[in-house]
Each structure stands twice: as C-alpha cells, then as structure tokens.
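Report on the structure given below.
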Amino acid sequence: MASERLKMENGLRHALEQNEFQLHYQPLVDLESGSIIAMEALLRWQHPETGLVSPAKFIPIAEETGLILPIGRWVLRAACLQHKQWQMQLGEEIPRVVVNLSARQFKGENLVQMINDVLEETGVEAKSLGLEITESIIMENADQVLETLTELKEMGIQLSIDDFGTGYSSLSYLKSFTIDKLKIDRSFVRDLAVDADDEAIVTAILAMAHSLGVRVVAEGVETAQQLAFLKQHGCDEYQGFYFSKPLPAEQVVEKLDRPASLLLEQV
Ligand code: C2E
Ligand code: MG
Ligand code: MG
C-alpha cells in the first residue's frame with residue numbers, strides 16, 4: 001500500500017516535469033437556449049506505462065502530498081491559455097472556462113494571488129473564468145474559505161458548488177451570495193424519471209436555489225428522459241454524456257464553433 005502511494009507520488013512529480021498532464025473539456029449547456037455557456041476543464045494523466053489514469057485515483061494523493069498546489073496551478077494556467085487560443089480562433093465572446101479547486105489550495109498558498117498572477121500572465125479576464133468547489137471545502141474551514149471566495153467573486157470570477165447534495169453542509173453559506181451556481185450531483189440525476197425520491201430531491205434543490213437567486217446545473221445527464229424532466233422543472237443548465245463527454249480541446253472546439261454558442265458569458 002505504502003509503496004503504491006510512494007510510486008504514485010513520484011509518478012506525479014515526474015508527470016509535472018515531463019508534461020504528462022492534459023486537460024479535457026466538457027461543455028455546460030443552457031437548457032433554454034441550447035447554447036454552450038461554459039467549458040469545464042478536467043485533468044487527465046497520460047502515464048507512459050499504464051496509460052490514462054483517472055483523476056479520482058490521483059487527485060486524493062496529490063492533495064495529501066501537497067502536489068495539488070503545482071498541479072492546480074498548471075491546470076489553471078493551461079485552461080486559461082486554452083481559453084485565449086479559442087478566443088483567437090473564434091472571436092471575443094466565447095464561453096467561460098471552468099476549473100475545479102481542491103481544499104488544499106485554500107490552505108497551502110495565497111490562492112487569490114496565484115489566480116491573479118495566472119490571469120495577468122495569460123491575459124484572460126476574470127469574467128471568463130469559473131471555479132468549482134465542493135461543499136466539504138467550505139465546511140472544513142468556513143470563515144477562511146468564505147473570505148477567499150468573496151475576494152474571488154469581487155474580482156468577477158464565477159463560483160459554483162460541485163457535487164451538490166453529497167456533502168453534509170449547513171447551507172448557510174448560500175445566504176452569503178458568493179455562490180452563483182449549484183451543480184446537482186450525478187447520483188440524484190441518474191434515476192430521474194425512474195425514482196420518485198430523486199425527483200423530489202431535485203425539485204426541492206431547484207426551488208431552494210432559485211429562491212436564493214442561484215442558478216442550477218444538473219451533472220451527469222445521459223438520457224433524453226432526464227433532460228426532459230430537468231427542462232420541465234426549470235433547471236438552468238446541464239452537463240453530461242447526453243450532450244458531450246469530456247473531450248480534448250481540438251475536438252470540443254467543433255461543438256463551440258456554432259452561432260448558437262455566441263450568446264454567452266452574460267449569464
Ligand atoms: P467533477 O468535477 O464533478 O467532474 C465530473 C465528472 O463526471 C468527470 O469525471 C466527468 O467525466 C464525469 N461525467 C460527466 N458527465 C457524465 C455523465 O453523463 N455520466 C457519467 N457517468 N459521468 C460523467 P472525471 O473527469 O473522471 O473527474 C472526476 C473528478 O476529479 C471531478 O469531478 C473533480 O472532482 C476531480 N477533478 C478533475 N479534474 C480536476 C482538477 O483539475 N483539479 C481538481 N482539484 N480536481 C479535479
Ligand atoms: Mg467539477
Ligand atoms: Mg461534480
């Protein structure tokens with residue numbers, strides 16, 4: 001076990017040096033207009049021997065070892081550079097690029113400073129960036145995290161809660177108006193149109209979020225039935241294999257290059 005982890009840790013260090021990381025991108029689609037309004041960057045590790053390693057496997061170890069700090073910075077920088085490139089290819093008004101953050105990034109460094117530096121270096125505007133955090137990040141260290149989130153929000157960055165409904169949380173952070181979006185976890189979306197309990201949960205999240213002025217995204221939408229339920233109940237956005245799997249930048253750009261996707265960023 002211990003040697004497995006050590007191997008992984010060394011592998012991750014090597015990966016940063018040898019450029020073995022890549023980003024794939026998965027669109028977030030506006031349910032009303034059908035246009036893509038954001039692209040979520042998802043980290044991929046192309047290991048020279050074992051092939052593609054899932055982030056679920058290596059992110060926890062990157063967090064424990066602190067390697068998530070340089071890796072997180074790499075992700076942000078790569079996503080911003082990609083956004084710049086899309087802008088040059090397709091014009092000014094392209095969807096936001098969205099990056100996932102880890103708890104450790106709120107503790108081990110000055111996150112606001114790091115993000116500011118990367119935006120400045122890459123020439124990406126704060127309004128073109130979104131960040132996703134889980135409820136557990138807020139619950140771990142509420143005051144400090146909320147302070148950081150408020151600063152990021154004031155810069156103009158859009159903030160989302162990822163995997164909503166899976167962590168225990170007080171919900172009181174929702175009153176602070178720092179959060180723009182809730183992403184309903186895939187586990188509630190999976191059985192929509194089959195399981196009445198999940199339908200009740202999703203409907204309740206929609207009502208709560210909307211009364212607080214928070215937009216709602218459904219994660220992991222795979223079927224037309226799920227999509228129909230979400231549309232009927234006023235969900236704002238969706239993401240999932242039904243529209244597109246996470247894809248390399250050059251493939252996902254084909255989905256972006258359409259007039260419908262030019263509304264954007266104002267949402
Ligand atoms: P997440 O941010 O909640 O991302 C959604 C995950 O669900 C992605 O898995 C995506 O490929 C998958 N997914 C999307 N649509 C569907 C669908 O319709 N059906 C199913 N079955 N799955 C779907 P992925 O890429 O393996 O990422 C897993 C998790 O790893 C992410 O969950 C996120 O928490 C973490 N992660 C990924 N990239 C990064 C990163 O750059 N930094 C940090 N800190 N975490 C990351
Ligand atoms: Mg996410
Ligand atoms: Mg999620």
Side chain [X], main chain [Y], donor-acceptor under 3.5 Å:
X      : Y      : answer
Gln26  : Val252 : no
Asn110 : Gln113 : yes
Thr50  : His47  : no
Asp163 : Thr166 : no
His83  : Ala78  : no

Taking side chain as C-beta onward, heavy atoms only, is [X] less than 4.5 Å from [Y]?
X      : Y      : result
Phe164 : Thr134 : no
His24  : Leu43  : no
Val97  : Val124 : no
Leu129 : Arg96  : no
Tyr242 : Gln226 : no
Trp74  : Leu69  : no
Ile115 : Leu76  : yes
Asp162 : Glu219 : yes

- Query: Between Val112 and Met155, is a side chain to side chain contact (heavy atoms under 4.5 Å, CB included) present by the stated rule, with each step listed?
  - Reply: CA-CA 9 Å; Val112 175; Met155 284 165 65; 4.0 Å; yes
May I ask you to check whether over 12 heavy atoms, not counting those of [X], lie within 6.0 Å of atom [atom1]?
X      : atom1 : value
Gln251 : CD    : yes
Asn10  : CG    : yes
Glu64  : CD    : yes

Would you kindly confirm whether [X] and [Y] end up in one hydrophobic cluster when ILVMFWY residues are joined by side chain heavy atoms under 4.5 Å apart?
X      : Y      : result
Met114 : Val98  : no
Val221 : Ile184 : yes
Leu52  : Met8   : no
Leu212 : Tyr173 : yes
Trp86  : Leu42  : no

- Query: Which ILVMFWY residues are connected to Met88, directly or by a chain of links, through side-chain heavy atoms under 4.5 Å apart?
  - Reply: none
Least distance between heavy atoms, [X] atom then [Y] atom:
X      : Y      : value
Arg77  : Thr122 : O-CG2, 4.2 Å
Ala103 : Ile137 : N-CD1, 3.5 Å
Ala79  : Val99  : CB-CG2, 3.7 Å
Asp198 : Phe188 : CB-O, 3.5 Å
Cys235 : Ala218 : SG-N, 3.9 Å
His233 : Leu206 : O-CD1, 3.4 Å

To the nearest 0.5 Å, how far apart are [atom1] in [X] and [atom2] in [Y]?
X      : Y      : atom1 : atom2 : result
Ile36  : Leu28  : CD1   : CG    : 9.5 Å
Glu199 : Leu230 : CD    : CG    : 10.0 Å
Leu131 : Leu149 : CG    : CG    : 8.5 Å
Gln144 : Leu111 : CD    : CG    : 9.5 Å
Arg104 : Ile71  : CZ    : CD1   : 11.5 Å
Ile59  : Asn100 : CD1   : CG    : 8.0 Å

- Step by step, work out the side chain to side chain contact (heavy atoms under 4.5 Å, CB included) result for Met208 and Leu174. CA-CA 10 Å; Met208 178 197 65; Leu174 289 176; 3.8 Å; yes
Can I get a per-line list of side-chain donor-acceptor pairs under 3.5 Å for residues 11-22, giving both atom names and the distance, sequence neighbours left out?
| residue | atom | partner | partner atom | Å |
| --- | --- | --- | --- | --- |
| Arg13 | NH2 | Glu9 | OE2 | 2.6 |
| Glu20 | OE1 | Trp45 | NE1 | 2.9 |

- Query: Hey, mind stepping through Ser102 and Glu63 against side chain to side chain donor-acceptor pair (under 3.5 Å) and telling me if it holds?
  - Reply: CA-CA 7 Å; Ser102 284; Glu63 286 179 347; 2.7 Å; yes
- Item | Within 45° cone and under 6.0 Å: Lys255 NZ/CZ vs Phe243 ring | yes
[Y]/[X] salt bridge by N-O under 4.0 Å criterion:
X      : Y      : result
Lys153 : Asp180 : yes
Glu237 : Lys181 : yes
Glu121 : Lys84  : no

- Query: Are Asp236 and Asp30 close enough, and set up right, to give a side chain to side chain contact (heavy atoms under 4.5 Å, CB included), and what steps lead you there?
  - Reply: CA-CA 6 Å; Asp236 305 287; Asp30 186 282; 5.9 Å; no
- Message: For a side chain to side chain contact (heavy atoms under 4.5 Å, CB included) check, start with the C-alpha distance between Glu132 and Leu159, then their side-chain angles and the critical distance, and finish with the verdict.
- Response: CA-CA 6 Å; Glu132 294 191 1; Leu159 303 176; over 6 Å; no
